[in-house]
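Step one of this worksheet: look at the structure below.
When a residue number appears, it is its place in the shown sequence, counting from 1. On a predicted model such as this, the values are computed, not experimentally measured, just so you know.
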Amino acid sequence: MNSCIFLDSNSNPSLKSLSLSSLYLQILLFFLIQIHFCFSSSPKSLVFPLKTQTLRSPNKLQFQHNVSLIVSLSVGTPPQNVSMVLDTGSELSWLRCNQTTRKNQPDPTMFYPNQSTSYKPIPCFSPTCTNKTRDFPIPASCDSHNLCHATLCYADSSSSDGNLASDIFHLGSSDNISGLVFGCMDSIFSSNSDQDSKTTGLMGMNRGSLSFVSQMGFPKFSYCISGSDLSGLLLLGDSNLTWLAPLNYTPLIQISQPLPYFDRVAYTVQLEGIKVSGKLLPIPKSVLVPDHTGAGQTMVDSGTQFTFLLGPVYNTLRGEFLNQTSGVLRVLEDPNFIFQGAMDLCYRVPSGQGRLPDLPSVGLVFAGAEMVVSGDRVLYKVPGEIRGSDTVWCMSFGNSDLLGVEAYVIGHHHQQNVWMEFDLERSRIGLAQVRCDMARQRLGVGL
């Protein structure tokens with residue numbers, strides 16, 4: 001295994017390249033926060049309205065993913081504004097740190113620890129450094145000043161080094177979190193610096209002890225992304241929404257024994273089957289469960305856009321989808337074109353065609369719940385890819401084997417218009433179909 005901490009999946013080295021260090025990032029999804037305190041339950045629930053901004057790069061194909069979820073908040077004393085990529089596949093939150101004195105016009109993508117009176121570095125002999133970093137693939141180390149040091153790496157050769165520290169995170173005018181542990185990174189190498197430098201850092205939201213949500217102590221969090229304009233909301237805490245349809249819950253899978261390919265702090269669920277147009281595909285149960293090495297786990301990840309399946313399962317889905325779209329869609333006959341290096345079933349659609357024909361739905365069947373992908377979400381229009389007078393659309397499921405990923409990954413493209421509840425207290429994930437734009441209105445969250 002690689003001797004670095006992979007931010008998106010601590011055991012699967014290619015996953016974070018799917019979620020943060022994409023080579024050609026084309027759409028940024030911003031969480032522009034206007035925090036509203038709501039409900040009377042304890043602990044207090046926080047609602048974050050979401051908004052999108054589209055950046056177009058018609059001459060470039062993104063290699064990994066093209067939607068990033070960004071949270072804006074402030075850190076330190078006095079508060080400094082930062083923006084962080086929200087990632088349910090990562091544990092350690094981190095910020096780009098500049099150890100110099102803050103200027104009159106500071107870099108908005110940097111955090112200046114020397115200017116925060118509440119900033120505290122973590123010693124390497126502290127319990128935080130010695131005990132709470134146990135889910136990192138490599139232990140935290142001591143630097144020359146006896147401070148807790150971490151190295152963060154990406155599969156595309158991006159990396160980051162820095163020390164663990166704590167500071168105050170400000171979520172609203174009166175709601176502050178003191179002593180939240182994060183990585184203060186002062187050495188960063190990126191294969192896509194133009195895109196990665198647009199944010200200050202990353203907000204880890206997995207089940208690890210040092211994740212943002214774990215340190216905050218919220219028993220639940222939820223998000224909902226609209227299928228029409230990609231706006232939506234993030235809710236920290238218990239929702240208690242009477243108007244929301246009953247959630248179907250699937251339990252989180254836990255394996256206490258360390259395995260080389262199993263991420264113990266990821267949101268792992270049991271994939272039991274896949275349907276196409278309601279027809280259950282002939283997939284052996286044995287290929288859907290983790291093997292003795294941990295390979296084959298199914299992770300729900302807000303940091304990855306599309307869904308990726310292990311080779312045998314992907315090929316079965318690909319064959320059935322191709323069969324059911326025969327005579328309806330024109331296949332792109334180009335063996336050299338593989339979208340994002342993992343999606344090799346693509347179609348040519350006339351540019352002037354107003355809408356796609358009726359497409360087969362794809363159902364992801366979990367223990368106790370099902371996620372149905374239908375309509376245009378089954379395909380994805382490749383930005384800037386034109387063949388003659390045709391646009392190119394690809395099936396929005398990819399082959400994990402082509403990426404060297406030993407896991408199933410459920411991306412947020414297939415979570416649109418689904419209320420996603422992560423119940424940490426009961427170790428389960430709840431799903432319900434919902435109009436996310438209407439949910440935002442019902443909560444009184446303005447943009």
Side-chain angles (χ1 to χ4, degrees), residues 1-21 84-97 120-166 179-189 201-216 252 254-268 290 293-295 297 299 301-304 405-407 409 424:
M1 295 297 294
N2 193 297
S3 59
C4 292
I5 301 171
F6 293 95
L7 291 178
D8 196 30
S9 174
N10 295 335
S11 300
N12 294 281
S14 296
L15 288 180
K16 177 44 61 186
S17 63
L18 295 175
S19 57
L20 178 62
S21 290
M84 306 177 74
V85 175
L86 184 82
D87 193 350
T88 61
S90 293
E91 178 175 0
L92 182 66
S93 301
W94 58 269
L95 298 172
R96 300 171 184 268
C97 286
K120 297 178 181 179
I122 303 293
C124 61
F125 53 80
S126 68
T128 295
C129 189
T130 58
N131 298 331
K132 293 191 176 182
T133 60
R134 61 184 178 272
D135 287 316
F136 294 176
I138 58 172
S141 61
C142 281
D143 70 359
S144 58
H145 300 287
N146 288 323
L147 298 179
C148 192
H149 185 82
T151 299
L152 312 173
C153 292
Y154 305 93
D156 64 356
S157 299
S158 298
S159 63
S160 178
D161 287 277
N163 293 329
L164 298 191
S166 67
L180 192 138
V181 177
F182 67 101
C184 193
M185 302 302 165
D186 52 18
S187 176
I188 297 174
F189 170 78
L202 178 142
M203 180 181 289
M205 294 287 284
N206 73 8
R207 295 192 289 168
S209 60
L210 287 182
S211 77
F212 189 86
V213 68
S214 294
Q215 293 187 67
M216 289 177 66
L252 292 171
Q254 297 181 345
I255 297 179
S256 58
Q257 177 186 2
L259 298 174
Y261 291 103
F262 191 89
D263 185 351
R264 294 188 299 171
V265 292
Y267 294 105
T268 301
T293 69
Q297 73 180 121
M299 297 179 285
D301 186 10
S302 72
T304 300
V405 176
E406 298 288 342
V409 185
L424 308 180

Practice task
Output the distance between atom CZ (Arg207) and atom CG (Leu424), rounded to the nearest 0.5 Å.
Solution key: 8.5 Å

Exercise for the section: Would you sort out whether His149 and Leu147 count as a side chain to side chain contact (heavy atoms under 4.5 Å, CB included), showing the intermediate values? Expected result: CA-CA 6 Å; His149 185 82; Leu147 298 179; over 6 Å; no

Problem - Verdict with supporting geometry, Thr133 and Leu210, side chain to side chain contact (heavy atoms under 4.5 Å, CB included) - result: CA-CA 8 Å; Thr133 60; Leu210 287 182; 4.1 Å; yes

Exercise for the section: Show the numbers, then the answer: is there a side chain to side chain contact (heavy atoms under 4.5 Å, CB included) between Ser302 and Met205? Expected result: CA-CA 9 Å; Ser302 72; Met205 294 287 284; over 6 Å; no

Practice task
Side-chain contact test, heavy atoms from C-beta onward, threshold under 4.5 Å: evaluate it for Arg264 versus Ser256 and give yes or no.
Solution key: no

Exercise for the section: Give, for atom OG of Ser214 and atom NZ of Lys132, the distance between the pair rounded to the nearest 0.5 Å. Expected result: 9.5 Å

Problem - Reported CE-to-CG distance for the pair Met185 and Leu95, which is rounded to 0.5 angstrom - result: 9.0 Å

Practice task
Measure the distance from the SG of Cys129 to the SG of Cys124 and say whether it is below 2.5 Å.
Solution key: no

Practice task
Report yes if some heavy atom in the side chain of Gln257 is under 4.5 Å from a heavy atom in the side chain of Phe262; otherwise report no.
Solution key: no

Exercise for the section: Verify, without hydrogens or angle tests, whether Gln297 (side chain) and Asp263 (backbone) share a donor-acceptor contact under 3.5 angstrom. Expected result: yes

Practice task
For Met84 and Trp94, work out which heavy atoms get closest and say how close.
Solution key: CE-O, 3.8 Å

Exercise for the section: Answer whether the closest heavy-atom distance between the side chains of Thr88 and Asn206 falls below 4.5 Å. Expected result: no

Practice task
Using atom types as modelled and distance alone, determine if a side-chain donor or acceptor of Thr293 lies under 3.5 Å from a backbone N or O of Tyr261.
Solution key: no

Exercise for the section: With the side chain counted from C-beta on, respond yes when Leu164 and Leu92 share a heavy-atom pair under 4.5 Å apart, and no when they do not. Expected result: yes

Exercise for the section: Apply side chain to side chain contact (heavy atoms under 4.5 Å, CB included) to the pair Ser211 and Met216, showing each step before the final yes or no. Expected result: CA-CA 9 Å; Ser211 77; Met216 289 177 66; over 6 Å; no

Problem - Phe182 to Ser166 - nearest heavy-atom pair and separation - result: CE2-C, 3.9 Å

